[in-house]
Asker: 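First, the structure itself, so that you have it in front of you.
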Amino acid sequence: MRQFKLLSILPFIIYSMHTYADGELENSYCYNKAGSECQITLVKKGNVEQDEYKSILVNARDGSLVFNNTETSNTMETLSFFRVNNNYVILKEYLDSTKALEFSTFYYESHKAKELKYFYIESSVNFIKREKEWSGRVCTTNNDKVSQNGEVTLLELLAGICGKISKLSYHDNNYYNNDIFFEVSEITDGNDKGNMTLVALDSKGKDSININDLGCSNNCAHSLQYTNYIGRLNNKIRVKMRLEFNNDEIVGYYYYDKIQKKNPPHW
């Protein structure tokens, strides 16, 4: 049996785990003319060469709207939309001093977005320690409904599942080698559930966090159907693993980040 420490990745953000026929694992980006693997595409509206433009999510087959609200992007923001396994992620990265990540994940079935989650993570400067620290909030809902408001952007609309709670969890960050451990507020159906500990692998000293380096370390919400893990073999080699649970049977695979070829787990 191979022994290595694993950190449970946020089970509702299955980063870089999409499997193609050749066995490689990576995000599948879904833009205007996306391939058949995307049920939804991000369609840019207006003149994208302008400093600010809008985008909207549509059903790739019939052109129907997934949400009525558009999302904006400008020279200080980048907007991405991709599919990972059966989940979709809409991500906005801010290029200002906060280097914030704002994103939402959902599952799409029968023309409806389900299992909605919203995340906001930002940095601030600890002037006493003279270093950047991270904080944020994670919001989930059990009813898959958001209040309709045509005057806000899509991510502002999805942030509505946080209810009236907008606080971020500000605590000192902890470090293990080059990994950053930080707290975020956990909010479910508008109720404060305490804090969740996230980890950003290999992010110490970097100006921003890559979404693919994010995982959950403590108070994580696990899926009953599957769980994805991120960690290191012998504290050196980065690996990811996916396990699926079907009654009494557990199946899955793992792969090394640098190789990105799936292997069966060794029990």
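No hydrogens, no waters, no symmetry mates; every other heavy atom, side chains included, goes into these values.
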Asker: Establish, from distance only, whether the side-chain atoms of Y108 and N59 form a donor-acceptor pair under 3.5 Å.
Answerer: yes
Asker: Fit a plane to each ring of F67 and F106, take the angle between them on a 0 to 90° scale, and name the class: parallel (under 30°), tilted (30 to 60°) or perpendicular (over 60°).
Answerer: perpendicular
Asker: Quick one about E102 and Y118 (side-chain donor to acceptor, distance below 3.5 Å, no hydrogens or angles considered), yes or no?
Answerer: yes
Asker: Measure from the side-chain N and O atoms of S64 to the backbone N and O of D62, and report whether any donor-acceptor pair falls under 3.5 Å.
Answerer: no
Asker: Just by modelled atom types, is the S169 backbone N or O under 3.5 Å from a matching donor or acceptor in the S185 side chain?
Answerer: yes
Asker: I'd like to know if E71 pairs up with K92 as an ion pair, taking the criterion as any Lys NZ or Arg NE/NH1/NH2 lying under 4.0 Å from an Asp or Glu carboxylate oxygen.
Answerer: yes
Asker: For a salt bridge (charged side-chain N to carboxylate O under 4.0 Å, His left out) check, start with the C-alpha distance between D213 and R238, then their side-chain angles and the critical distance, and finish with the verdict.
Answerer: CA-CA 10 Å; D213 295 329; R238 282 183 57 162; 2.9 Å; yes
Asker: If we only count heavy atoms from C-beta on, is the N126 to K132 side-chain gap below 4.5 Å?
Answerer: no
Asker: Nearest 0.5 Å, please: how far is CD in E93 from CD in E77?
Answerer: 11.0 Å
Asker: Among pairs that include at least one residue of residues 172-204, which meet disulfide bond (SG atoms under 2.5 Å apart), considering only residues two or more places apart or in two chains?
Answerer: none
Asker: Measuring from Y53:OH to T70:OG1, what's the distance to the nearest 0.5 Å?
Answerer: 12.5 Å
Asker: Tell me whether the guanidinium CZ or amine NZ of K114 lies under 6.0 angstrom from the six-membered ring centre of Y107 and within 45° of its axis.
Answerer: no
Asker: Which is it for N210 and N212 under the side chain to side chain donor-acceptor pair (under 3.5 Å) test, yes or no, and what are the steps along the way?
Answerer: CA-CA 5 Å; N210 188 312; N212 294 300; 3.2 Å; yes
Asker: Could you give the distance from OG1 (T78) to CG (L91), rounded to the nearest 0.5 Å?
Answerer: 6.5 Å
Asker: Give the C-alpha distance, both sets of side-chain angles, the deciding distance and a yes or no for side chain to side chain donor-acceptor pair (under 3.5 Å) between D202 and N178.
Answerer: CA-CA 5 Å; D202 297 314; N178 290 320; 4.9 Å; no
Asker: What's the separation between atom OG in S123 and atom CD1 in I209, rounded to the nearest 0.5 Å?
Answerer: 8.0 Å
Asker: Between Y31 and F82, does the ring-ring contact (aromatic ring centres under 6.0 Å, His included) criterion hold? Intermediate values first, please.
Answerer: CA-CA 8 Å; Y31 296 120; F82 52 93; 9.2 Å; no
Asker: Do T188 and T140 have side-chain atoms, one donor and one acceptor, less than 3.5 Å apart?
Answerer: yes
Asker: Before we go on, tell me: are the rings of Y176 and F181 under 6.0 Å apart, centre to centre?
Answerer: no
Asker: Tell me if the NZ atom of K129 is crowded by more than 12 foreign heavy atoms within 6.0 Å.
Answerer: yes
Asker: Taking the side chain as every heavy atom from C-beta outward, state whether L198 and I180 have any atom pair closer than 4.5 Å.
Answerer: no
Asker: To the closest 0.5 Å, what do you measure between OG1 (T197) and CG (N174)?
Answerer: 8.5 Å
Asker: Verify, without hydrogens or angle tests, whether S104 (side chain) and K117 (backbone) share a donor-acceptor contact under 3.5 angstrom.
Answerer: yes
Asker: Any chance you could measure Y29, atom OH, to F81, atom CZ, to the nearest 0.5 Å?
Answerer: 12.0 Å
Asker: Taking the side chain as everything from C-beta on, heavy atoms only, tell me whether I211 gets closer than 4.5 Å to V89.
Answerer: yes
Asker: Taking side chain as C-beta onward, heavy atoms only, is V58 less than 4.5 Å from I40?
Answerer: no
